[in-house]
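Only one structure is covered here, and it is reproduced in the block below.
Side-chain atoms are counted along with the backbone in the values below, which use heavy atoms only and exclude waters and symmetry mates. On a predicted model such as this, the values are computed, not experimentally measured, just so you know.
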Amino acid sequence: MTEFPVSRRDFMRQAALAGAAVPMAAEPALAEATRAAAPPSSDSDIAWLDGAPPASHEGQSWGAPWPRGTVPARAAFRATASDGKPVPLQSWTTAWWPDGSVKWTAHAIPAREALAPGLSIQPGKPAAPAQPVTVTETADSIQVSTGDVRWQIGKRGAAILQSATNSGREALRDVRLVATAQDGPDGDDGSAGALTRYTAEITGATIEQRGPVRAVVRVEGKHRGNGREWLPFSLRLYFHAGSAAVRIVHSFVFDGDPDKDFIRGLGLTGSVPMQDRLHDRHIRFAGEDGGLWGEAVRPLTGLSRDPGKAFREAQLAGQPTPAFADMAPGVRNLIERIAAWGDFTLSQPNSDGFSIAKRTKPGHGWIDVDTARRAPGLGYVGSVSGGAAFGMKDFWQRCPVRLDIRDAATDLAGFTIWYHSPDAPAMDLRFYHDGLGMNDHVAENEGLDITYEDYEKGWGTAHGIARTTEFTLWALPATPSRARLVEMAQEVSRQPRLICTPARLHAAGVFGLWSLVDRSTPKRKILEGQQDAVLDFYRDEIDRRRWYGFWNYGDVMHSYDFGRHVWRYDIGGYGWDNSELSTDLWLWYAYLRSGRADVFRMAEAMTRHTGEVDVYHIGPYRGFGTRHGVQHWGDSSKQPRVSNAAYRRIYYYMTADERCGDLMRALNDSEYTLQRVEIGRKVDARASRKGPPGANSGVRADSKLPEGQVFVQFGSTWGALISAWYTEWERTRDAKWRNRIVAGMRSIAAMPQGWFVGGAPMDLKTGAFISPGTQVSMSVLNGVFGVFEMHAELLELIDEPKYRECWLDYCAFFNAPKDQLQAKTGQPARGQGLRTAHSRFTAYAAAHRKDPALAKRAWSEFWEADDEGYDGFARETVRRIAGPDVLKPIDEMTGVRTNGTAQWSLAAIHNLALIGDVLG
C-alpha cells in the first residue's frame with residue numbers, strides 16, 4: 001500500500017491551497033479556488049498553436065474564457081500586438097456564467113495580422129480593419145467584400161459561389177457540390193451498378209455574421225438528379241478582412257439505403273475564366289515536405305529550340321513572359337506545334353502515395369507525370385492575369401481523394417476537389433455479416449458474449465450518419481510565387497491557429513478539475529512521463545496502422561489482439577473505439593494541460609469524426625451514437641453516451657466552431673429518442689447469462705412505463721443529456737435548461753438510495769425522475785462517460801446542497817470496501833469495478849469533505865487497483881507503453897485497450913488536480 005504520512009492539519013492546509021472548499025453559493029467553488037488569481041489577459045495568453053507564428057494566414061477565429069464575475073455581459077474587446085499596435089478585432093459572446101457575466105467570447109482578426117508572438121485581448125473599444133468586410137443581399141444572392149475581393153453567394157440554384165472577383169477581374173465562378181452514386185456494389189470483375197450524377201441545389205442561405213472583420217454565410221440544400229433528392233448538406237462560408245480566400249466547412253448526411261446506394265464520388269467543383277496565351281497559363285499541385293509541382297499549359301522549356309532565357313525564367317516563376325514578338329523566331333513560328341495540356345489530375349488513393357497525370361484533352365491518352373507519398377491537398381489553375389487556388393484540409397488522411405483541373409487550354413477551365421474520389425471503389429456501407437443465425441435477444445446476447453458485439457438485425461445501419469470536410473478557395477489576381485503556394489499548402493494541411501494558452505484557460509476556471517503539467521516531485525514526474533508516453537503511442541499508432549480514410553480518420557481502435565499482433569479490427573465490439581469510456585475527453589484534457597499541438601490535432605480529428613460518423617443526425621436513432629464495433633455504425637446499441645456533448649464542448653469553446661455548436665444543439669431533445677430506442681431491451685434475455693460488461697450492462701428495460709416516461713441511467717444516459725442541457729444553458733442563458741438539470745438533481749437526492757439506484761424513470765416533460773424504489777443497481781459504466789467531468793463543473797454553478805451530498809456519498813462509497821458499501825446501502829455490494837477510473841470519485845469526495853483518509857485511499861485505488869478487467873488492461877497498457885520494459889517492435893505489444901487507457905489517464909488528470917498535494 002502507498003503511504004501518505006499527512007496529518008489532518010496538514011491535509012487541511014493542503015486542501016486550502018487546492019481550494020477544496022465545499023461549493024456553497026457564498027464561498028468560492030473548488031475548481032475556481034485551485035487557480036491562482038490572474039489578470040484577464042497578458043501578452044502570453046493567446047499564442048500560435050504550433051509555437052512560432054506562421055508565414056501568413058487568411059484570418060483567425062478563436063475562443064477566450066473569462067473568470068466568473070470579471071467581464072460584464074455587454075463588454076466590448078480590443079486586441080493589441082506585442083509592439084503595442086492595435087489589431088482589428090471582432091468579438092461575440094459564446095457563453096455566460098450564471099451571474100450574467102461573460103464566460104466565453106469568440107474573436108476574429110483579419111488576414112496576416114498578429115504575425116508576431118504576444119497578442120493580447122482586453123475589454124475596450126476595438127480597432128477597425130483598414131478594409132472592413134461588407135455584406136449586402138438581394139433576392140437571389142449575397143455579396144461579401146473583403147477588400148479587393150468580392151464574392152457572390154447564391155441563395156437558390158446550384159451555384160454556391162456564383163462568382164468571385166479580385167480587383168475587378170473574375171477569378172472563379174459557378175462553384176457547386178456534385179456527387180455520383182451507383183445502384184449496386186462494385187463487382188469482383190470490375191463491373192458496377194448504374195451510375196447517376198447529382199448536383200446540389202440550394203434550399204436556403206442565411207447571413208450569420210456581417211463583419212467588420214469576419215462574415216459568415218450558411219447555405220443549405222440537397223443533391224438532386226434523375227428525379228431524386230437526397231444527401232442533405234449544410235455549409236458555412238467564412239470571409240475575413242484583407243483575405244483573398246474563403247474557408248468552407250461542409251457537412252452532409254447520408255440518408256440513402258446502404259443496400260442500394262453506393263456513393264462513388266463527392267466533389268466541390270468550380271470554373272476559372274482563362275486569359276493570356278497558353279504559355280502564360282499555369283498549373284500547380286502542392287507536394288509533400290514543401291514540394292511543389294508546377295508547369296505551364298504550353299511549356300517553353302525542354303524544347304529543341306530556345307525561346308530565350310527571359311521567357312524560360314518568367315514561365316517557370318509563373319510571371320508574365322515578355323512580348324510574344326520578342327520570342328525567338330524559331331520557337332514563335334512553331335509554337336502551335338507544341339502540345340497544350342488541358343487536363344491534370346492528382347490522385348491520392350491511399351495514405352501512402354499520390355500520382356499526377358495529364359492529357360492534352362478528352363479523347364486522348366493520359367501521361368503519367370510523377371508520384372510521391374502524401375499530398376497536402378492544394379491546387380492552382382490560372383494565368384499571369386489571375387486564377388483560383390483550391391485546397392482541402394486533411395487531404396491524404398481522408399483518402400481516397402483527388403484534385404482535378406480540366407480544360408485549362410480553353411477559355412473556361414474547371415477544377416474539382418474530390419473529397420471522395422470517383423475512381424476509388426464505391427462506398428459500401430452495408431452491414432458486414434448476415435446475422436450469423438442471431439434472430440432473437442437470447443442469440444444476440446450469445447454473440448455479445450463471444451465477440452463483444454451487440455448485434456440486432458436492421459440496427460447496424462449507416463442511414464443518418466454524417467461527415468464534415470473543410471475546403472479553402474482563393475480568388476487571385478496573378479499566379480502566386482512558388483514560395484507563396486507552398487505557404488498556402490501549409491495553411492490548408494496544417495492550419496495556423498491562434499488559441500488561448502493552457503495557463504489562461506486554467507486561470508479562468510473553465511472545464512472543471514484539471515491542472516497544468518507539473519513534474520516537480522518524483523511521482524508527479526512518473527505520472528507525467530506516463531501521460532506523455534501513452535499520448536505518443538496513440539499518435540504514432542494512427543500512422544503505423546494507417547487509421548485513415550473517409551469514414552475512419554479521427555478514430556482509433558478499441559483493443560489489441562496479441563495473438564495476431566494486430567488491433568482487433570474484425571472482432572465485434574473490439575474494433576473502432578467510438579468514444580468508448582471517453583477517449584475524446586482524455587485527449588482534450590491532455591491538451592488543456594500540456595498545450596501540445598499534436599494532441600490538439602488528434603483531439604480535433606476525433607471530435608470531427610465521433611460527432612459526425614458515430615452519431616445519427618436523422619432517422620429513428622437521431623441524437624444517439626453507436627457503441628464501438630467493426631463498423632462505426634454497426635453495433636445495435638444506440639446510446640446518448642456516444643453522441644455526448646461533453647465530448648464536443650471543449651473544442652467548440654476554444655475554437656468557436658459553429659458546426660460543433662450545431663451538433664451539440666441538435667442533442668437538446670435527444671431524450672425523446674428513448675421513446676423509440678429502449679436501451680435495456682435485451683437485459684431480461686441476458687439475466688441468466690454471464691459475460692463481459694456489455695452494451696446494456698446495468699440498464700433496465702422500460703417497456704411498461706407510462707406514456708411520457710423513459711428509463712434513464714444516471715451516468716451513461718442522464719450524464720450525456722445534462723451535458724447538452726448545461727451547454728445550451730450557458731450558451732443562451734435560457735433557464736429552461738438549468739431547470740431540467742435541477743429537476744433531475746432534486747429527484748435523485750430525494751430517493752432513499754440516491755445515486756446507488758443507478759437509474760430511474762424520467763418524466764420527459766420536466767426532466768424529473770420517478771423513484772424506482774430502494775433496490776441498489778450500481779454499474780461500472782455509470783461513471784465513465786463524462787458524468788464526472790460535468791458534475792465537476794455543474795456543482796460549482798448550481799447550489800443544491802442535498803444533491804451535492806448525494807453525489808459525494810456516491811463518490812465516497814463506489815470504490816469503498818464491500819462491507820462499508822453494504823453498511824451504507826443496506827444491501828449486498830454489487831456492480832463495483834473500474835477502480836482506477838473511480839479513484840477520481842474518491843478523490844473528489846476527499847477534497848470536498850476534507851478527508852485525508854479518503855485521499856490516501858484514492859491514490860491507493862489509482863496505483864494498486866486489481867489486475868482484472870478494465871483496470872488490468874489499463875495498467876498493462878501503461879506498463880507496456882510507458883514502462884521501462886517497453887517492447888519493440890510494436891507488433892510485440894500485448895494487452896492494450898484504449899478505453900482503459902483513457903480512463904486511467906482521466907483519473908490521473910483529475911486526481912492530480914484534486915489531491916495532487918498529497919501524492920508525494
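- In this structure, L797 CG and W729 CH2 are separated by 5.5 Å, a value rounded to the nearest 0.5 Å.
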Checklist line | Criterion salt bridge (charged side-chain N to carboxylate O under 4.0 Å, His left out) on E728 and R740, from CA distance to verdict | finding: CA-CA 11 Å; E728 189 68 8; R740 288 186 74 79; over 6 Å; no

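- Qualifying side chain to side chain contact (heavy atoms under 4.5 Å, CB included) partners for Q675, counting only residues two or more places apart in sequence or in other chains: Y672, V710, L764.
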Notebook entry, point to check: Which is it for R849 and E805 under the salt bridge (charged side-chain N to carboxylate O under 4.0 Å, His left out) test, yes or no, and what are the steps along the way?
Noted result: CA-CA 10 Å; R849 289 179 169 171; E805 289 306 308; 3.0 Å; yes

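- Note: L781 CG to T717 OG1 = 10.5 Å, rounded to the nearest 0.5 Å.
- Although no hydrogens or angles enter the test, the distance criterion places a donor-acceptor pair under 3.5 Å between the side chain of H506 and the main chain of W514.
- Across every non-hydrogen atom of Y621 and Y616, the tightest pair is O-CB, 3.4 Å.
- Not counting sequence neighbours, the partners of F714 by the ring-ring contact (aromatic ring centres under 6.0 Å, His included) test are W755, F769.
- Side-chain contact between F600 and I499 is present, with at least one heavy-atom pair separated by less than 4.5 Å.
- The line from CG of D662 to CG of D657 is 8.5 Å long, rounded to the nearest 0.5 Å.
- Residue R524 qualifies as enclosed at atom CZ: its count of foreign heavy atoms under 6.0 Å is above 12.
- Closest of all the heavy-atom pairs between V102 and P72 is CG2-O, 3.3 Å.
- Looking only at distances, no side-chain donor or acceptor of R804 sits under 3.5 Å from a matching main-chain atom of D799.
- With sequence neighbours left out, the ring-ring contact (aromatic ring centres under 6.0 Å, His included) criterion links W62 to H107.
- Taking the centre of each ring, F862 and H910 stay at or above the 6.0 Å mark.
- Put simply, the side chain of T70 gets close to the backbone of P67: a donor and an acceptor are under 3.5 Å apart.
- Under 3.5 Å, the side chains of N911 and S839 contain a donor-acceptor pair of N or O atoms.
- Here the side chain of Q832 pairs a donor or acceptor atom with the backbone of A816 at under 3.5 angstrom.
- Side-chain atoms of N899 do not come within 3.5 Å of backbone N or O of L581 as any donor-acceptor pair.
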Notebook entry, point to check: Step by step, would you call T898 with D577 a side chain to side chain donor-acceptor pair (under 3.5 Å)?
Noted result: CA-CA 7 Å; T898 300; D577 185 65; 4.8 Å; no

Notebook entry, point to check: Can V677 and Q639 be said to form a side-chain contact (heavy atoms from CB on, under 4.5 Å), step by step?
Noted result: CA-CA 8 Å; V677 178; Q639 298 197 37; over 6 Å; no

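- D669 has a carboxylate O that lies under 4.0 Å from a charged side-chain N of R622, or vice versa, which qualifies the two as a salt bridge.
- Note: L513 CG to L906 CG = 12.0 Å, rounded to the nearest 0.5 Å.
- Checked by atom type and distance alone, the side chain of N815 pairs as donor or acceptor with a backbone atom of R835 at under 3.5 Å.
- At least one side-chain heavy atom of P761 sits under 4.5 Å from a side-chain heavy atom of P772.
- Counting heavy-atom neighbours within 6.0 Å of K802 NZ, excluding the residue itself, gives a total of 12 or less.
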Check: So F841 and F813, side-chain contact (heavy atoms from CB on, under 4.5 Å) or not? Walk me through it.
Finding: CA-CA 9 Å; F841 288 67; F813 284 93; over 6 Å; no

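- R857 and S860 share no side-chain donor-acceptor pair at under 3.5 Å.
- Closest of all the heavy-atom pairs between R733 and A73 is NH1-CB, 3.9 Å.
- Residues M778 and F756 meet the side-chain proximity criterion, which asks for heavy atoms closer than 4.5 Å.
- Proximity of a side-chain donor or acceptor of S643 to a complementary backbone N or O of G623 within less than 3.5 Å is detected.
- A donor and an acceptor atom, one from each side chain of T105 and W66, are located under 3.5 Å apart.
- Put simply, the side chain of R596 does not reach to within 4.5 Å of the side chain of M602, judged on heavy atoms.
- A855 approaches I915 most closely through the heavy-atom pair O-CD1, 3.6 Å.
- Side-chain contact check for I748 versus Y803: some heavy-atom pair is nearer than 4.5 Å.
- When atom types are taken as modelled, the side chain of D45 and the backbone of R504 share no donor-acceptor pair closer than 3.5 angstrom.
- Checking T825 against Q827 by side-chain atom types alone, no donor-acceptor pair falls below 3.5 Å.
- Under the side chain to side chain contact (heavy atoms under 4.5 Å, CB included) criterion, A645 pairs with M664, L667, S723, A724, sequence neighbours left out.
- The closest side-chain heavy-atom distance from S637 to V642 is not below 4.5 Å.
- Q775 and S777 are not linked by any side-chain donor-acceptor pair at a separation below 3.5 angstrom, with hydrogens and angles left out of the test.
- Side-chain atoms of R738 never come within 3.5 Å of backbone atoms of P98 as a donor-acceptor pair (strictly under, hydrogens ignored).
- Here the closest non-hydrogen pair linking A792 and E796 is O-OE2, 3.3 Å.
- The backbone N or O of Y651 lies less than 3.5 Å from no partner atom in the side chain of E604, so there is not a single donor-acceptor pair.
- By the 30° and 60° cut-offs, the orientation of the rings of Y653 relative to W104 is parallel.
- Side-chain contact between V776 and R830 is absent, with no heavy atoms from C-beta onward closer than 4.5 Å.
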Check residues 585-592 and write down every donor-acceptor pair under 3.5 Å in which the side-chain atom is one partner and the other belongs to a residue at least two apart or another chain.
from : atom 1 : to   : atom 2 : distance (Å)
W586 : NE1    : S905 : OG     : 3.3
W588 : NE1    : T607 : OG1    : 2.9
Y589 : OH     : F511 : O      : 2.8

Next item on the list: Please report the C-alpha distance between K638 and R676 in whole Å, then the side-chain angles of each, then the deciding distance to 0.1 Å, and finally whether the side-chain contact (heavy atoms from CB on, under 4.5 Å) criterion is met.
Entry: CA-CA 11 Å; K638 313 299 183 184; R676 302 185 296 273; over 6 Å; no

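- Of the inter-residue distances, the one linking D518 atom CG with R593 atom CZ reads 8.5 Å to the nearest 0.5 angstrom.
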Next item on the list: Step by step, work out the side-chain contact (heavy atoms from CB on, under 4.5 Å) result for R731 and R665.
Entry: CA-CA 10 Å; R731 288 175 69 185; R665 183 155 286 156; 3.5 Å; yes

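- R641 and S579 share no donor-acceptor pair across their side chains, judged by distance under 3.5 Å alone.
- Annotation: side chain of L663 is not in contact with side chain of V615 (no heavy-atom distance under 4.5 Å).
- Expressed to the nearest 0.5 Å, how far CD1 of I741 lies from CG of N739 amounts to 9.0 Å.
- Sorted by first then second residue, the salt bridge (charged side-chain N to carboxylate O under 4.0 Å, His left out) pairs that include residues 769-792, not counting sequence neighbours, are E789-R840.
- When all heavy atoms of S582 and G786 are compared, the pair lying nearest together is OG-N, 3.5 Å.
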